[in-house]
Amino acid sequence: MACAEYVPQGATLVDVGTDHAYLPVWLIQNGKVSVPVIAGDINEGPLNKARSSAKEYGVENDIVFMLNNGLAGTRESLADTVVIAGMGGETIMDIIKASEWEWQGHTLILQPMSKIYELSRGLYENGFYIESERLIRDNGEIYRVMLVKPGEREMPSAIELYAGNSDREDPLYKEYVSGLIKKFSRMEKGMAASEKADGALLDEARSLHKAALELGKEIGL
Ligand SMILES: C[S@@+](CC[C@H](N)C(=O)[O-])C[C@H]1O[C@@H](n2cnc3c(N)ncnc32)[C@H](O)[C@@H]1O
């Protein structure tokens, strides 16, 4: 639902890694997107699940199913909005980099399961920026949902990339930053205690811990 809320009204959409296709089905049923929606998946099994869902909810004629890797076989003129959700951050970045799209004015909605710092950094290095972000909790875990646009912007600081730019008043943001403080503190202590610790890595852990503590102070932790 967090991804769906970021989809602009009337969008033309590609859902990469659609799996059960719940997102396209919901968006079509709620009149939020233009049809057809392109729903792709690299695996036959999930794509069959997507076909079944579409049939079950009576929207099978509104979805074009593609068995493909990422955005392979698609071009930028097909859609103005791309969702890539529920995959590792590195896979998401690889999919964007491997695409042959000329990105211009598109909206990307990304929901990484891991390697969020690497994805965030990679986006800025590859001519994208994070316009806004939301945090959601699912099954006890906090996830980040990003609204990304093509365009050159200055690289945010490391702590900004780690913490993201969600609403600072959101209690989940405080919890997320608090988790980062603990993580960097553990990292720093672990490295300081290790005889084989790399000096540069220890300095990095120290500076991240310090930056996270400062951010924590700013948001009243
Ligand atoms: C955990 S599911 C996420 C489903 C849905 N997007 C969601 O967020 O609820 C991940 C799906 O991505 C597909 N996938 C993984 N790598 C992919 C790639 N490179 N291109 C297309 N689909 C991929 C998998 O087959 C799987 O169906």
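No hydrogens, no waters, no symmetry mates; every other heavy atom, side chains included, goes into these values. Both counts, for ligands and for their atoms, begin at 1 and track the order of listing.
Counting only distance, with no hydrogens or angles, the side chain of H106 and the backbone of P150 share no donor-acceptor pair below 3.5 Å. Counting only distance, with no hydrogens or angles, the side chain of T18 and the backbone of G40 share no donor-acceptor pair below 3.5 Å.
In this structure, Y129 places its OH atom where more than 12 heavy-atom neighbours from other residues, nucleotides or ligands lie under 6.0 Å away. Within a 6.0 Å sphere centred on NZ of K32, other residues, nucleotides and ligands contribute more than 12 heavy atoms.
Classification of K55 and E60 as a salt-bridged pair fails, no side-chain N sitting under 4.0 Å from a carboxylate O.
Between the side chains of R134 and Y6, no donor-acceptor pair is found at a separation under 3.5 Å.
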Which N or O atoms of ligand 1 sit under 3.5 Å from a protein N or O, and how far apart is each pair?
{"unit_1": "ligand 1", "atom_1": "6 (N)", "unit_2": "G17", "atom_2": "O", "d": "2.7"}
{"unit_1": "ligand 1", "atom_1": "6 (N)", "unit_2": "A85", "atom_2": "O", "d": "3.0"}
{"unit_1": "ligand 1", "atom_1": "8 (O)", "unit_2": "A85", "atom_2": "O", "d": "3.3"}
{"unit_1": "ligand 1", "atom_1": "19 (N)", "unit_2": "N69", "atom_2": "OD1", "d": "2.8"}
{"unit_1": "ligand 1", "atom_1": "20 (N)", "unit_2": "G70", "atom_2": "N", "d": "2.7"}
{"unit_1": "ligand 1", "atom_1": "22 (N)", "unit_2": "I42", "atom_2": "N", "d": "3.3"}
{"unit_1": "ligand 1", "atom_1": "25 (O)", "unit_2": "D41", "atom_2": "OD1", "d": "2.6"}
{"unit_1": "ligand 1", "atom_1": "25 (O)", "unit_2": "N43", "atom_2": "ND2", "d": "2.9"}
{"unit_1": "ligand 1", "atom_1": "27 (O)", "unit_2": "D41", "atom_2": "OD1", "d": "3.4"}
{"unit_1": "ligand 1", "atom_1": "27 (O)", "unit_2": "D41", "atom_2": "OD2", "d": "2.7"}

